[in-house]
Amino acid sequence: MIVVSDTSSLCNLALINHLSLLPQLYQLVIIPPVVADELAVAPDSRITNILSQQWIQIQSLNDSSLAEQLQRTQGLDPGESYAIGLAVELKADSLLIDERLGRREAKKLGIPIIGILGILIRAKHSQLIGEVKPVMNSLIRDANFRVSSPLYQEILALAKEE
């Protein structure tokens, strides 16, 4: 399974000490060099340490024209645009991305996407976590992750934790 990630998804999972869910679910996560660069300059060692994980693979795009176009015309940041470009190039099974604009552009390109909340639901169904709610609360509290009230309730329903 080919999974590509942008920067913020990795950062947010690291900040709540749940980064280990990714290799348990996917074994390997591929990131473009621009995402690695963003991780490397983060002020928090939990984020910079992501790069030392064996299951993180850095891979360059052969053609960066799509990524550059997404930045220029859609206003995506480099991490999002290059992750989308790499996902297209690799025909990824999934793109790990949470930002609304990036998700919209990825969907337009036919890329299957998953966000952190989807990861949490998958982790619960795989019995890697007991409950989604406390982890989601930690995301909101410790990583300043924004979740609307309706989405919060929807995630709890999907996790069968209403």
Original post:
Between Leu25 and Ser126, does a side chain to side chain contact (heavy atoms under 4.5 Å, CB included) hold up when you go through it step by step?
Top reply: CA-CA 8 Å; Leu25 292 168; Ser126 299; 3.8 Å; yes
**OP:** Kindly indicate, with the supporting measurements, whether the criterion side chain to side chain contact (heavy atoms under 4.5 Å, CB included) is fulfilled by Lys91 and Ile2.
**Re:** CA-CA 8 Å; Lys91 297 177 177 52; Ile2 299 172; over 6 Å; no
**OP:** Could you check Leu66 against Val88 for side chain to side chain contact (heavy atoms under 4.5 Å, CB included), going step by step and ending with a plain yes or no?
**Re:** CA-CA 9 Å; Leu66 173 61; Val88 168; 3.8 Å; yes
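The side-chain hydrogen bond (donor to acceptor under 3.5 Å, both in side chains) with Ser8 is formed by just one residue from the set Glu80, Glu99, Glu38; it is Glu99. Under the side-chain hydrogen bond (donor to acceptor under 3.5 Å, both in side chains) test applied with Gln57, the options Gln59, Gln53, Gln54 reduce to a single match, Gln59.
One N or O on the side chain of Arg46 and one on the backbone of Leu15 form a donor-acceptor pair closer than 3.5 Å.
Rounding to the nearest 0.5 Å gives a distance of 7.5 Å between CG of Leu95 and OG of Ser5. A distance of 8.5 Å separates OG of Ser20 from CG of Leu128, quoted to the nearest 0.5 Å. Note that the CG atom of Leu61 and the OG atom of Ser64 stand 6.5 Å from one another [nearest 0.5 Å]. For the atom pair CD1 of Ile140 and CG of Asn12, the computed distance is 11.5 Å after rounding to the nearest 0.5 Å. One distance of note links CZ of Arg146 with CG of Leu151; it measures 12.0 Å at 0.5 Å rounding.
The side-chain heavy atoms of Asp142 and Asn17, taken from C-beta on, include no pair separated by under 4.5 Å. The shortest side-chain heavy-atom distance between Leu139 and Ile116 falls under the 4.5 Å cut-off. Two residues are said to be in side-chain contact when any heavy atoms from C-beta on lie closer than 4.5 Å; Lys133 and Leu156 meet this criterion. Using a 4.5 Å cut-off on side-chain heavy atoms (C-beta onward), Trp55 and Leu22 make contact. Contact of the Ile16 side chain with the Phe145 side chain is not registered, since no non-hydrogen atoms from C-beta on lie closer than 4.5 Å. Using a 4.5 Å heavy-atom threshold, the side chains of Ile155 and Leu120 count as separate. No side-chain heavy atom of Ile119 sits under 4.5 Å from any side-chain heavy atom of Arg122. Residues Ile31 and Leu39 meet the side-chain proximity criterion, which asks for heavy atoms closer than 4.5 Å.
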Please table the atom pairs, donor to acceptor, closer than 3.5 Å between any side-chain atom in residues 101-114 and protein atoms at least two apart or in another chain.
| residue | atom | partner | partner atom | Å |
| --- | --- | --- | --- | --- |
| Arg103 | NH1 | Ile97 | O | 2.8 |
| Glu105 | OE2 | Lys108 | NZ | 3.1 |

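Looking at every heavy atom in both residues, Ala36 comes nearest to Ile58 through CB-CD1, 3.6 Å. Between Ser81 and Leu76 the shortest heavy-atom distance is CB-CB, 4.2 Å. Between Glu161 and Val132, the shortest heavy-atom contact is OE2-N, 2.5 Å. Scanning both residues, Ala83 and Val4, for their nearest heavy atoms gives O-CG1, 3.5 Å. Here the shortest heavy-atom pairing between Asn62 and Glu89 reads N-OE2, 2.6 Å. Between Cys11 and Ile50, the shortest heavy-atom distance links the atoms N-CD1, 4.1 Å.
Of the N and O atoms on the side chains of Gln69 and Thr73, not one donor lies less than 3.5 Å from an acceptor on the other residue.
Within 6.0 Å of atom CZ in Arg100, 12 or fewer heavy atoms from other residues, nucleotides or ligands are found, so the atom counts as exposed in its surroundings.
Hydrophobic clustering (side-chain heavy atoms under 4.5 Å, transitive across Ile, Leu, Val, Met, Phe, Trp, Tyr) keeps Tyr82 apart from Val41.
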